[in-house]
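In what follows, every heavy atom counts, from backbone to side chain, and hydrogens, waters and symmetry copies are set aside. Note that ligands are numbered from 1 as they come in the structure, with each ligand's atoms numbered from 1 the same way.
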Amino acid sequence: MKVLVTGNAGFIGFHVARRLIERGDEVVGFDCINDYYDPALKQARLAELDALAKRQGARYGFVQADLADHAAVDKVFAQHGFDHVIHLAAQAGIRHSLEAPRDYVTANLVGFTNILEACRHNSVAHLTYASTSSVYGANAHLPYSEHDGADHPLQLYAATKRANELMAHSYSHLFGLPTTGLRFFTVYGPWGRPDMALFTFTRKILAGEPIEVFNNGDHTRDFTYIDDIVEGVIRTSDRPATPDPEWNAEAPDPASSSAPFRIFNIGNSQPVRLGDYIDALEQALGRKAIREMKPLQPGDILDTCADTTELTRATGYAPATPMREGVRKFAQWYTSFYGDSR
Ligand SMILES: NC(=O)c1ccc[n+]([C@@H]2O[C@H](COP(=O)([O-])OP(=O)(O)OC[C@H]3O[C@@H](n4cnc5c(N)ncnc54)[C@H](O)[C@@H]3O)[C@@H](O)[C@H]2O)c1
């Protein structure tokens, strides 16, 4: 299997590429290594992939280019003839989308169009791409189900991800391109993203600096461990979307279609209070946090929880890593990577 993994210098893409190389797939990575966060961490992930591929004698290549550069995207597809594409490159981050909305249009809308076009013209057998739990937005019906509406996004980030799902549907319908969108729920773990809470909390706790705890730590998140996400990504990618023969145009189910199109939640389905997440981190680091209590931030969602019935039905799998175990593994990685005084 020859697989393109976009965003493989990023948190999730790195882990997915690593697993695919380990199981013997031929992997090509694609990433522009932007400076949304420390590019040195991205380079360190790429070095890990290089070393793994060397050890295994695996066929692995990497292209540094921008998704918005359609000539660069077309060239990679024409050179390689991919069986599957796992598209994880994007401008991520909710808060940043309030400050730099254009970054999201370029990477997530223009970039996604270029991926769709390249898949269409190169007969890719399956496009699997990252969406987000944030698409549920103002929908407060928990657990979030793919069968419910997701048409009230609360930030531009979420709106671009929801747009990706709709754009994918049009390509599945018009060109028969099998597409699967994956709504990830707050992913954490080793090699994580420095802009996310666990990472910033760890850095500040180790430096003896106060951490900002919004909403008194009372909101809940369906924190999902990275290995569970990787398992879900690979299992869904291995099963190209097919048309749903039961799909009824008079009562249209948003999660499937008469076209080869699917949407799945991938979340732990066990929401955890932010305050308890911090307790687990304090225990894993053996240090107490200085907590500065703050009100809820504009655009923040109170609670998230995934219904993963459909993921389990399609792949026989559901995320299950307990939060405390995942946080312990993150803390171990962090202190071995950065040392325990940073
Ligand atoms: N981490 C989470 O909790 C989470 C939750 C929901 C959805 N997601 C989605 O999962 C995917 C992976 O997220 P992540 O946490 O690994 O983020 P990440 O920022 O670590 O990785 C994204 C990678 O994409 C690359 N990239 C960005 N714009 C690009 C462009 N225009 N051209 C080429 N490369 C570009 C970046 O350099 C980065 O290495 C994203 O689509 C994100 O929106 C992540």
What about the rings of F77 and F82, do their centers lie closer together than 6.0 Å?
yes

Is the distance between the ring centroids of F199 and Y334 less than 6.0 Å?
yes

Which pairs of N or O atoms, one from ligand 1 and one from the protein, are separated by less than 3.5 Å, and what is the distance for each pair?
residue	atom	partner	partner atom	Å
ligand 1	1 (N)	R193	NH1	3.3
ligand 1	3 (O)	V187	N	2.8
ligand 1	15 (O)	R193	NH1	2.9
ligand 1	16 (O)	F11	N	3.2
ligand 1	16 (O)	I12	N	2.8
ligand 1	20 (O)	F11	N	2.9
ligand 1	20 (O)	Y37	OH	2.5
ligand 1	31 (N)	D66	OD1	2.9
ligand 1	32 (N)	L67	N	2.8
ligand 1	34 (N)	C32	N	3.1
ligand 1	37 (O)	D31	OD1	2.6
ligand 1	37 (O)	N34	N	3.3
ligand 1	37 (O)	N34	OD1	3.4
ligand 1	37 (O)	K42	NZ	2.9
ligand 1	39 (O)	G10	N	3.2
ligand 1	39 (O)	D31	OD1	3.2
ligand 1	39 (O)	D31	OD2	2.7
ligand 1	41 (O)	L88	O	3.3
ligand 1	41 (O)	K161	NZ	2.7
ligand 1	43 (O)	Y157	OH	2.7
ligand 1	43 (O)	K161	NZ	3.2

Can you tell me if T304 and S133 form a side-chain donor-acceptor pair at under 3.5 Å?
no

Ring pair (Phe, Tyr, Trp, His ring centres under 6.0 Å) partners for Y60, two or more places apart:
none

With ring centroids as reference points, do F261 and H173 lie under 6.0 angstrom apart?
no

Side chain N122, main chain V124, donor-acceptor under 3.5 Å
no

